[in-house]
Amino acid sequence: MVIQILKIIFIAFIAFSCKKENKNTTTSKWTNYSTSNSGLTFNTVNAIAIDAQENKWFATSQGVSKFDGANWTTYTANSFFIMTPVTAITIDLQGNKWIGSGNGQSGGLFKYDNTNWTKYLSNYTIMDIVIDSAGKIWAGTNYGVYTLNDSVWTAFGLSANQVISIAIDSMGNKWFGTYGQGVIKFDGTNWITYNTTNSGLAGNQVNDIAIDKQGIIWFGTYNQYGNNGGVSKFDGTNWITYNSTNSGLVNNSISSIAIDSYGNKWFASGNLNGGVSKFDGTNWTTFKTTNGLINNEVISIVIDKQGNKWFGTMGGVSKYSGN
């Protein structure tokens, strides 16, 4: 599964300049949370993770907020030693929280075992964290990828690349989205780079990567540096690109992708004129503040076991219970 900023620290809509939009709306399908109506520590929500107990963990620009459905718990740089902004979060099978900071020289990767905090990779900006089927940690940083296996950290090549997104397919291939160099695939032996010059990739800044049940890979790219941006899908042979001109995609600057249990793709745009686009394979649906979304600058998406969509934005969190 994107500051961040983050992966988003490198995207033009930086967190601290965000415009707060306190639409504390609750409808039959939408519930919105912000600093004004909840225990959310800050309104810029860069990443979201859900643990085995269905607690929601929100990585914000001022710390981490945990929500159990009724109560909020806040972890900040003042109460613990997380450096802000918090740019990435994931949870392993043992329930450990892996939390990335994007604060350059004082950043790093933190492990929280629900009692103790341990810091790794000091002075790195952490953009994405993924755990493979063997429990190995993969951290995308401003200096390539680092892996943790049996308490040993290893630089995993790509040192010249800022790696802002990571995905692992069913064959164990690693896909690394970079800031400006396209996407790099590693099959365990060979490295292959796909960019706008040698493939159908829509843009060379790859903010998020998602893989569907058919093994098709979806890349969310950013509209900049002369690239049109948008979403590209790749089946291993053929490329198809969706953008705001040839589809119902809300915006060509994509920050996050999620795929629900029905196979619908959900694309978030962090642009000022962004929002969320849902694609069912044929039809497109757009969600904005006019529909109930708390803010149109959407950074992160997570879908829980009940099928609720959680959107992290520049103005708080929206929960959407519709399909």
Side-chain angles (χ1 to χ4, degrees), residues 1-11 46-47 49 59 81-94 96-113 116-169 171-195 198 201 204-211 217 219 221-222:
M1 34 270 344
V2 83
I3 158 172
Q4 219 122 352
I5 163 208
L6 319 138
K7 13 189 181 178
I8 300 223
I9 212 166
F10 296 105
I11 302 177
N46 303 318
F81 57 93
I82 303 172
M83 298 298 177
T84 58
V86 181
T87 54
I89 185 167
T90 194
I91 302 171
D92 65 26
L93 292 176
Q94 289 72 45
N96 300 306
K97 286 71 187 177
W98 294 86
I99 299 166
S101 166
N103 199 20
Q105 290 185 347
S106 59
L109 179 66
F110 300 84
K111 175 186 174 183
Y112 177 50
D113 67 5
N116 303 302
W117 293 83
T118 306
K119 185 178 182 181
Y120 306 95
L121 300 179
S122 296
N123 304 325
Y124 285 83
T125 295
I126 309 300
M127 262 87 79
D128 200 8
I129 311 164
V130 170
I131 303 172
D132 67 21
S133 59
K136 189 175 183 179
I137 307 295
W138 298 78
T141 81
N142 53 330
Y143 292 106
V145 175
Y146 281 77
T147 63
L148 175 63
N149 193 18
D150 295 329
S151 302
V152 177
W153 284 96
T154 304
F156 194 76
L158 306 177
S159 60
N161 296 277
Q162 298 169 350
V163 176
I164 57 181
S165 57
I166 304 173
I168 303 173
D169 65 27
M171 303 297 291
N173 299 309
K174 315 305 184 291
W175 297 81
F176 304 111
T178 73
Y179 178 71
Q181 289 81 44
V183 65
I184 301 169
K185 173 188 174 183
F186 179 61
D187 65 6
T189 303
N190 304 301
W191 299 83
I192 302 174
T193 297
Y194 300 97
N195 55 43
N198 68 1
L201 191 65
N204 286 330
Q205 179 173 319
V206 183
N207 294 329
D208 203 8
I209 307 169
I211 303 172
I217 305 173
F219 304 99
T221 75
Y222 192 62

In Å, rounded to the nearest 0.5 Å, how long is the span from OG1 of T147 to NZ of K136?
4.0 Å
Gap between atom OG1 of T118 and atom CG of D113 - 0.5 Å precision:
6.5 Å
Quick check on side-chain contact (heavy atoms from CB on, under 4.5 Å): which of V206, T178, V130, V183 does S165 satisfy it with?
V206
Between CG on residue N204 and OH on residue Y179, distance to nearest 0.5 Å:
12.0 Å
Hey, what's the ring geometry for W153 with Y120, parallel, tilted or perpendicular (30° and 60° as the breaks)?
tilted
Work out which heavy atom in A88 is nearest to a heavy atom in A47; give both atom names and the distance.
CA-CB, 4.0 Å
Can you check whether K119 reaches W117 side chain to side chain, under 4.5 Å on heavy atoms?
no
Answer whether the closest heavy-atom distance between the side chains of I184 and N161 falls below 4.5 Å.
yes
Are Y146 and Y124 near enough that their ring centres are under 6.0 Å apart?
yes
Are any non-hydrogen side-chain atoms of W175 and I168 less than 4.5 angstrom apart?
no
Start with the C-alpha distance between I137 and I129, add both sets of side-chain angles, then the distance that settles side chain to side chain contact (heavy atoms under 4.5 Å, CB included), and finish with yes or no.
CA-CA 7 Å; I137 307 295; I129 311 164; 4.0 Å; yes
Give a yes or no on whether the backbone of T193 and the side-chain of N198 come within a donor-acceptor separation of less than 3.5 Å.
yes
Euclidean distance, D92 CG relative to K97 NZ, rounded to 0.5 Å:
8.5 Å
Mind checking whether I126 and L121 have side chains closer than 4.5 Å, heavy atoms only?
yes
side-chain contact (heavy atoms from CB on, under 4.5 Å) with W98: which of L109, I89, I91?
L109
Closest approach of T90 and I131, non-hydrogen atoms and distance?
CG2-CD1, 4.0 Å
Which atoms form the tightest heavy-atom contact between Q162 and N142, and what is the distance?
CG-O, 3.5 Å
Distance-only, no hydrogens or angles: does the T141 side chain make a donor-acceptor pair with backbone N or O of T125 under 3.5 Å?
no
Using side-chain heavy atoms (C-beta onward) and a distance below 4.5 Å, is Y194 in contact with F219?
no
pair W138-D132: side-chain heavy atoms closer than 4.5 Å:
yes
Flag, side chain of N46 to backbone of V86, donor-acceptor distance under 3.5 Å
yes
Taking all non-hydrogen atoms of both residues into account, name the closest pair between Q205 and I164 and its distance.
CG-CD1, 3.8 Å
Does a side-chain heavy-atom distance below 4.5 Å link D128 with F176?
no
Which atom names give the shortest non-hydrogen contact between G107 and S101, and what distance separates them?
CA-OG, 3.5 Å
Side-chain heavy-atom pair I209, I217 within 4.5 angstrom cut-off:
yes
